[in-house]
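Below: one structure, written as structure tokens.
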Amino acid sequence: MNLRGRIVEVGDEREVETQYGTRSLAEVSIRPDGVDDDADAADGDAYVRVTLWGKWTHTADLAEPGMDLLVTDAEESEYRGEKTYSTSKESYVVLEPDFLVDVTDVRSWVQCPRMYYLNKLSGIPLNYPVVKGTVVHEVFGDLLRGRDLDDSIDERVAEAGLQLGLLGYDAAEVRDEVRRNAAAIEGWLAQGTLTEEDAWRSEYTLISPTFGIKGRADALRRGMPVELKTGKNLRRDPRFQDKIQAAAYALVLAERGVPADTGTLLYTKNTTLERNEESGDLSPAKEFSIGKGLLEFVVRKRNEIAAMEFDFSVPTGFEADAKCEYCFEKDTCMVVSGRLNQESKAGQIGSPLPEDERDYFDRLYRAIEEERRETHEEYRKLWEQSAEERAADDRAILGLEPAGRREIEGGRWELRATKTDDAVSKLREGDICLASDGDPVGGHAELCRIRELGDEVVVTADEPVSVRRLDVYPSEISVSRMLTAVHDALLKGDERRKDVLFGRREPAFTDRSSRTYIDNNDSQDDAVRLAVDADDAALVHGPPGTGKTYTIARIVRALVADGNRVLLSAFTNRAVDNALEALRDQGFDSIVRVGTENGVREDMQELRLETAGEPNDCAAELNGAPVVAATTASCGSRVVREQSFDVALVDEASQLTEPGTLAAINRADRFVLVGDHEQLPPVVRAENDLQRSLFERLVEEYPDASVMLDRQYRMSQRIQAFSSAEFYDGALRPATGEVAAQRLSDLGIDESVLPDDLHDPVAFVDSDSPRVGNTNPGEADRIAELVETYVAAGVDPDDIGVIAPFRAQVAEISRRTDVTVDTVDRFQGSSKEVILVSFVVSGRIDGPIFEDHRRINVALTRAKKSLVLVGDADALASDPFYARMLEWARR
DNA sequence: TCTCTGCGAAGAGGA
């Protein structure tokens with residue numbers, strides 16, 4: 001049986017005499033899953049003792065109370081009337097199984113735990129071995145799928161064009177080198193033993209809930225893992241860490257019931273001309289047998305990582321017997337150790353960062369790692385939640401019926417399936433997701449890209465799968481990039497900027513020009529001047545409708561005119577593209593847009609940087625661009641990390657975590673942040689230090705470095721009044737009399753046909769209807785009627801929007817009307833002539849979504865001419881803030 | 001059960 005629970009107590013290791021001789025053991029007490037946390041120790045079933053035998057005492061040594069422990073194939077026995085458990089010959093002991101360790105991380109940990117840590121912290125920079133390695137891996141996959149070698153090389157090298165160009169490589173030389181590597185693969189494939197195509201699988205995605213491991217095997221050959229290495233190894237055996245990697249995949253396969261006892265390492269730099277020193281072998285392939293002992297070793301190493309991550313500790317390198325003098329990362333290791341004052345086997349160089357910077361690092365490191373755990377939680381849901389729960393959570397599309405497959409170019413597959421219901425999900429066209437036969441973890445699953453998501457679903461994948469279900473596949477990328485951003489800011493960041501970030505120096509400004517940039521709006525004009533004059537940082541506070549995007553475009557133009565290279569960034573693709581649209585409207589289009597094909601709006605595609613092609617051309621396009629536009633997530637990408645700018649301008653800065661903002665501003669000497677901390681804050685999964693944006697912190701710290709845009713062009717006076725008073729100290733005002741006085745009649749609507757209670761630009765309709773979960777069907781009915789009323793009065797349905805706090809209510813209302821219905825969060829940044837807000841609550845106002853009043857500020861400031869609040873008056877009146885809102889709406 | 005956008009998904013190397 002598998003035994004799992006939370007560790008309560010860990011005993012010391014000791015030795016006992018058994019019939020097999022002296023053996024070591026350690027006892028661990030756990031509270032098994034399913035036993036109530038409050039259960040008393042005296043309660044017989046509350047705790048269970050598990051004896052970990054032999055080498056598993058190593059894992060006991062890492063264990064701490066509070067950690068989760070899993071013992072597979074545990075043996076049950078009675079000892080003095082008490083039921084106890086112990087490890088058996090078949091057992092594995094897994095610490096914190098929910099912490100999913102990547103196979104490549106186990107590999108680097110085995111090399112040196114410090115290398116694991118450094119890779120995580122600083123990310124792997126753009127370098128040739130990695131780029132080439134990726135290309136060779138792709139060509140390998142193509143060959144397995146039966147593709148022509150030259151076609152594959154041409155295409156795969158072209159795909160890496162931008163990266164190769166930035167590294168200064170020429171396509172022809174790379175093709176030659178890849179061809180030499182591929183020759184080793186081809187030669188091996190041609191040895192004749194591998195004729196049955198069915199025995200091969202390429203790029204196999206594996207997740208192991210039991211062992212807490214995830215990864216992608218390069219290939220499976222007759223069920224055995226094959227790892228490709230683009231280096232050279234002339235010795236008889238595979239390198240130890242390479243074996244570990246293959247063995248980790250074998251472990252996951254074992255969980256799936258298909259144990260692998262042999263692993264193959266393919267060293268493609270071993271040419272058939274070079275004879276193996278010891279064995280005389282000519283083959284680049286090295287096989288090794290995978291025994292239980294090796295698998296157990298992998299699990300113990302994996303446990304070391306999980307244990308270290310559990311308490312956020314930092315490895316020193318002494319855990320391993322790797323020799324620092326041979327390590328490529330030695331210098332980096334010593335610098336990081338020195339700056340962060342970490343103990344390290346390699347030693348330290350340089351003096352430690354000031355204490356407040358190290359505190360900041362520790363705080364953010366912890367917060368980011370908490371986010372990582374939340375991401376792992378998302379993986380866990382893949383197998384913990386039932387299919388129906390996942391579908392209800394919008395994380396899966398179920399009930400697909402396979403409707404054909406077709407082999408496409410490159411030996412890949414286009415898979416079709418038909419939807420049997422109209423359930424919604426987070427999945428969008430262009431997303432990477434997990435397509436499966438219905439069981440995403442234990443069954444056949446492939447990572448795929450969604451091409452079409454209508455009644456028919458079309459995906460492309462490396463291998464064919466009968467698509468019955470699609471699941472969101474979580475990614476750690478954003479978490480990893482946050483961490484590297486913090487690393488870059490502290491360890492590579494300019495001292496001058498750090499002084500500003502850490503409150504040691506006020507941002508400085510140089511009077512560069514006294515010219516007027518915008519002549520009909522003083523605060524916008526001030527904002528542009530502030531940004532142009534900033535030597536360090538400028539902050540532009542833009543409440544709803546104040547012409548933020550226009551101002552941003554004007555700032556960028558002014559900066560470029562002064563000879564600056566500008567990075568234009570924002571949290572979302574939509575905001576980036578909006579800023580670009582404004583720039584182009586102002587006649588400026590020397591812009592390169594960095595981003596995925598899917599993320600970039602259709603009309604901005606022509607600005608998008610081509611990442612595939614002739615290396616020199618790709619690199620020149622990027623390097624020569626005076627303005628580069630990308631989301632902050634993209635700013636953390638390997639390519640953009642290589643770029644430098646004079647100024648970084650970040651929109652939606654109030655929605656960004658500090659690390660998210662750092663990712664962009666790290667690339668530049670100076671920065672301009674634009675945002676509104678009275679609107680939505682960053683969305684983070686865990687409650688931690690990431691909840692407050694850098695924008696908000698700096699606006700409060702340096703009021704003199706900020707300008708608030710105070711004229712709004714969106715709402716009538718009546719609509720803006722509450723927001724202005726509650727959130728902007730009354731400083732927000734209509735830009736013109738026309739804006740202030742606008743009414744539906746301006747659209748040619750005869751307002752007299754509207755019922756009396758809708759005559760005022762702000763109206764309240766008491767729904768007096770009960771909340772059901774996160775919906776309020778009665779309120780939804782009322783909203784639909786109101787929409788009809790406006791449409792009947794002549795309002796264009798496109799001019800009407802409905803906002804609700806919960807997605808469930810959004811769905812409820814969407815079923816009743818065709819106008820745009822969305823959550824507050826998704827409505828941020830846009831507006832409509834008429835907005836109806838559904839509050840859902842009844843009884844008492846509670847729940848986190850109502851506590852953050854900034855969300856309400858967003859909801860109430862989307863309407864231009866008419867705003868209708870629909871809710872339960874009694875419930876709203878129970879809270880002072882909402883009571884004030886009611887008073888305003890009912891005036 | 002609160003809200004949710006991004007991101008290549010992984011990729012290398014030597015005494």
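Quick caveat, the model's predicted, so the values are computed rather than measured. Every chain is numbered from 1, with letters handed out A, B, ... down the list of sequences.
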Nearest-nucleotide 5' precedence on DNA chain B, A:Asp102 against A:Met115: A:Asp102
Closest-nucleotide mapping onto DNA chain B: is A:Glu159 or A:Arg638 further toward the 5' terminus? I mean the 5' end. A:Glu159
Between [X] and [N], does any side-chain N or O lie under 4.0 Å from OP1 or OP2?
X: A:Arg481; N: B:dG8; value: yes
X: A:Thr631; N: B:dC7; value: yes
X: A:Gln245; N: B:dG11; value: yes
X: A:Arg826; N: B:dC4; value: yes
X: A:Ser634; N: B:dG6; value: no
X: A:Arg807; N: B:dC4; value: yes
X: A:Asn598; N: B:dG6; value: no
X: A:Thr572; N: B:dT5; value: no
X: A:Lys132; N: B:dA12; value: no

Parallel, tilted or perpendicular: which describes the rings of A:Phe695 and A:His677, with under 30° parallel and over 60° perpendicular? tilted
Using the six-membered ring wherever Trp is involved, compare the ring planes of A:Tyr473 and A:Tyr379 and label them parallel, tilted or perpendicular (cut-offs 30° and 60°). perpendicular
Counting only side-chain heavy atoms from C-beta out, which of [options] sits nearest to [X]?
X: A:Phe571; options: B:dT5, B:dC2, B:dA12; answer: B:dT5
X: A:Ser478; options: B:dG8, B:dA10, B:dG6; answer: B:dG6
X: A:Ala633; options: B:dG11, B:dG6, B:dA10; answer: B:dG6
X: A:Asn573; options: B:dG8, B:dA12, B:dG6; answer: B:dG6
X: A:Glu227; options: B:dC4, B:dG11, B:dA12; answer: B:dG11

Go through it in stages, so that I can follow the logic: the residues are A:Gln679 and A:Asp676, the test is side-chain hydrogen bond (donor to acceptor under 3.5 Å, both in side chains), and I'd like the CA-CA distance, side-chain angles, deciding distance and then a yes or no. CA-CA 6 Å; A:Gln679 296 186 59; A:Asp676 180 11; 2.9 Å; yes
Nearest whole Å is fine: how far is [N] [atom2] from [X] [atom1]?
X: A:Leu690; N: B:dC4; atom1: CG; atom2: C1'; value: 15 Å
X: A:Gln163; N: B:dG11; atom1: CD; atom2: P; value: 15 Å
X: A:Arg428; N: B:dG6; atom1: CZ; atom2: P; value: 10 Å
X: A:Asn578; N: B:dT5; atom1: CG; atom2: P; value: 15 Å
X: A:Leu100; N: B:dA10; atom1: CG; atom2: C1'; value: 16 Å
X: A:Leu609; N: B:dC7; atom1: CG; atom2: P; value: 14 Å
X: A:Asp218; N: B:dA12; atom1: CG; atom2: C1'; value: 12 Å
X: A:Gln828; N: B:dC2; atom1: CD; atom2: P; value: 20 Å

Short question: side chain of A:Asp577, backbone of A:Arg601 - any donor-acceptor pair under 3.5 Å? yes
Would the distance check show the side chain of A:Asp822 and the main-chain N or O of A:Phe827 forming a donor-acceptor pair, the cut-off being under 3.5 Å? no
Would you mind writing out the side-chain donor-acceptor pairs for residues 427-434 of chain A within the sub-3.5 Å range, not counting sequence neighbours?
residue  : atom : partner  : partner atom : Å
A:Glu429 : OE2  : A:Leu453 : N            : 3.0
A:Asp431 : OD2  : A:Arg428 : N            : 2.9

Take atom P in B:dG11 and the same atom in B:dA15, then report the distance between them in whole Å. 23 Å
